[in-house]
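The shown structure was predicted, so the numbers you read here are calculated from the model rather than taken from an experiment. So that the names make sense, note that chain A is the first sequence line, chain B the second, and so on, each numbered from 1.
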Amino acid sequence: MPVRNEVSWTALVSGYLKCGKVDEGMEVFGRNPFRDVFSWTAVISGLLGSGMGLRAMGVFKEMLGCGVLPNNVTFVSVVRGLRLNKPEMARRVFERMGKKDVISWTAILDMYVEMGDMEEARRVFNDMPERNEVSWSAMISRYSQKGNSVEAIKLFRQMIENGISPNSSCFSSAINALANLKALYTGKNIHAHVTKIGMASDVFISSSLVDLYGSCGYCTDARLVFDTIQNKNVVCWNTMISAYSSNDQLDEAKKLFDQITMKSIGSWNSLVTGYLGNEQYDKVFEVFNDMLLSGQTPDISTFSSVLCACASLTSLGKGKGIHGKTFKLGLQRDVFVGTALVDMYAKSGDIESSKRAFSKMPEKNEVSWTAMIQGLAENGHAEESLETFEEMERTTSIKPNELILLAILFACSHCGLVNKGLHYFNSMESLYNIKPNERHYTCAVDMLSRAGRVSEAEKLMMSMPCEPEVNAWAALLSGCKTYGEDEIAERTAAKIQELAEKKSGGYVLLSNVYASAGKWPEVMKTRKLMKERGLKKTGGCSWIEVRNEFHLFYSQDATHIDLIEIYGVLELLKSDMLVRFQQKVDIGSLVNRMI
DNA sequence: GTAGGGTTAG
């Protein structure tokens, strides 16, 4: 029998643990006559690698109980095991370490990075007596992931200035940051550089390059890089799918998706997001169903996309079904999912459920508050919308964004709080550093017009730095009508007429004005005029959901498969109404209202 | 013989 020394015992223990054979590894460790620090450490890190953090910590205690002193490597492993649950304890262990090398410093740095505490991470980073490429890359990658791409690039530059050669991880993180910034030119420079030093074939670097070209709208270049990758992993496939998805090439995306043999959750999500971005909501649900059938469990990203599709279709039934699924997986309170739920319920008109979802979220971000404030305003709960906004200002450090201010103006306008609304409108730039856009102006014009301050509304229209929206003209005109401001009405009508000659929006407005007055022949005339002059109007579309299927009806293009039958039913309804109400019904206007 | 970092989807 060969004699085993302490080195071979440790190698054996570690070998078993690394391939997941925990019981065998522990059994060998139990028989090991040389239980030195190496072998204990092998067990601790092996257990951690198998996801048995608690057991690993138990072994650490046992080791201390046996009087074996931990070394640098043991500390790094222990910190790795403690960092997520007990960061303070990990820090204490680190403080007590005799000799701290660059790896242990990086381990503690990474702990803060992992926790998302970039301030503390930066402090550790600055205090480190020595940094290597791993310490740099931990910082660079997290800055980039956290959306602080500028800082990531700054560090990357600083690193090169400090004479450290970036490894593949640093390059991929830096390219990732450049992709976020859509800095194609600099990205291309790095591409040339990594090609020159023979690192372009690295799968991490090339995946980032695929992302860079995709993010900048260059799918062909992204594909060129993708095709050169030798050992493609699932992430680079997903990145390429996203590149196609985000550039409206869904057919290519789907083709690639079908070629992946081992699909990950990211593969499904890339496709779902693509269809969502392309407003192909039926496909979103189709892929979601296929995903469930394939046995893949949806995650936060999937749910927020699918809920967003429900919101866009205002499909309360479907949305509730998805809500149930998030509940089963315990994801309903997550900040992304919760926000999507708030938005879905609000857009579908179920404001009570929306409020409930919002109140149950333990963490809320800017988007969550925006969804709630906007939802309340658009559902006619103007005062509550303003209260929620004030609560946000009082309890959080979130700065109001364009959309929140729009909702606030909308709310003020609808509760008749003209002065308050105007105060917000006038202080947008000075207080919140947001330049009012045409939509904000429309709200302000609407506010003034509704309150009878029509001439002020007109003045505001004239002073706009951007072109007024059609709705603003409509608001002004309706103010004139309500308050009998004939002079302004005349000027406004002339202006609209003038606009109508120039662009399609004017004609749409004109036809809408006629429609609201019930002057159908004029509406038809205007539309005909538009057609003759080659002006296009986005066709109006409405839909209903029947037994899980969506039926779409376009205002100008009657293409529904059961069109003849539908018209038949309408005829029946018409004659029924004629009998019941003894009244003439114009089938044309009836159809117009229904479709 | 024991240890640290990275690419996609919201």
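- Among the atoms of the strands shown, none is found under 4.0 Å from any heavy atom of A:Asn32.
- At most 12 heavy atoms of other shown residues, nucleotides or ligands fall within 6.0 angstrom of atom CG in A:Asp251.
- Counting only heavy atoms from C-beta on, A:Val235 has its side chain closest to B:dT7 among B:dT7, B:dG1, B:dA9.
- Between A:Trp40 and A:Phe29, a ring centre-to-centre spacing shorter than 6.0 Å is recorded.
- The distance between atom CG of A:Asp110 and atom C1' of B:dG6, rounded to the nearest whole Å, is 11 Å.
- Scanning atom types as modelled, one donor and one acceptor separated by under 3.5 angstrom connect the side chain of A:Thr10 and the base of B:dG1.
- Here A:Lys18 lies in heavy-atom contact (under 4.0 Å) with sugar-phosphate atoms only.
- Across all strands shown, A:Glu6 has heavy atoms under 4.0 Å from base atoms, whether or not it also approaches the sugar-phosphate.
- The distance between the ring centers of A:Trp237 and A:Phe257 does not fall below 6.0 angstrom.
- Rounded to whole angstrom, the span from the CZ atom of A:Phe171 across to the P atom of B:dG6 amounts to 17 Å.
- For A:Ser173 and A:Asn176, the side-chain atoms include no donor-acceptor pair closer than 3.5 Å.
- Per the geometry, CH2 belonging to A:Trp268 stands 17 Å off P belonging to B:dG10, to the nearest Å.
- Distances were taken from every side-chain heavy atom of A:Asn176 (C-beta onward) to each of B:dG1, B:dT8, B:dA3; the shortest belongs to B:dT8.
- Distances from the side chain of A:Asn269 to the nucleotides B:dA9, B:dT7, B:dT8 place B:dA9 closest.
- When the C1' atom of B:dG10 is taken as reference, atom CD of A:Glu363 falls 13 Å away, rounded to whole Å.
- Here B:dA3 presents its P atom at 17 Å from CH2 of A:Trp40, a figure rounded to the nearest Å.
- For A:Ser168, the side-chain atoms get nearest to B:dG6 when compared with the rest of B:dT2, B:dG6, B:dG10.
- Nearest nucleotide to the A:Ile265 side chain, out of B:dA3, B:dA9, B:dT7: B:dA9.
- Taking only side-chain atoms of A:Ser45, from C-beta outward, the nucleotide of B:dG10, B:dT2, B:dT8 with the closest atom is B:dT2.
- With rounding to whole Å, A:Met291 atom CE is found 13 Å from B:dG10 atom C1'.
- Residue A:Gln145 places none of its side-chain N or O atoms closer than 4.0 Å to OP1 or OP2 of B:dT8.
- For A:Trp369 and A:Phe358, the ring centers sit closer than 6.0 Å to each other.
- We find that CZ of A:Phe60 is positioned 14 Å from C1' of B:dT2, with the value rounded to whole Å.
- Atom CD1 in A:Ile205 sits roughly 13 Å away from atom P in B:dT8 (whole-Å rounding).
- Within 4.0 Å (heavy atoms only), A:Asp202 reaches at least one base atom of the nucleic acid.
- When distances are taken from the side chain of A:Ile300 to each of B:dA9, B:dT2, B:dG10, the shortest belongs to B:dG10.
- No engagement by A:Asn5 is indicated, since no non-hydrogen atom pair under 4.0 Å with the nucleic acid exists.
- Residues A:Phe125 and A:Trp105 keep their aromatic ring centres 6.0 Å or farther apart.
- For A:Asp36 and B:dG1, a side-chain-to-base donor-acceptor distance below 3.5 Å is present, hydrogens and geometry of angles not being considered.
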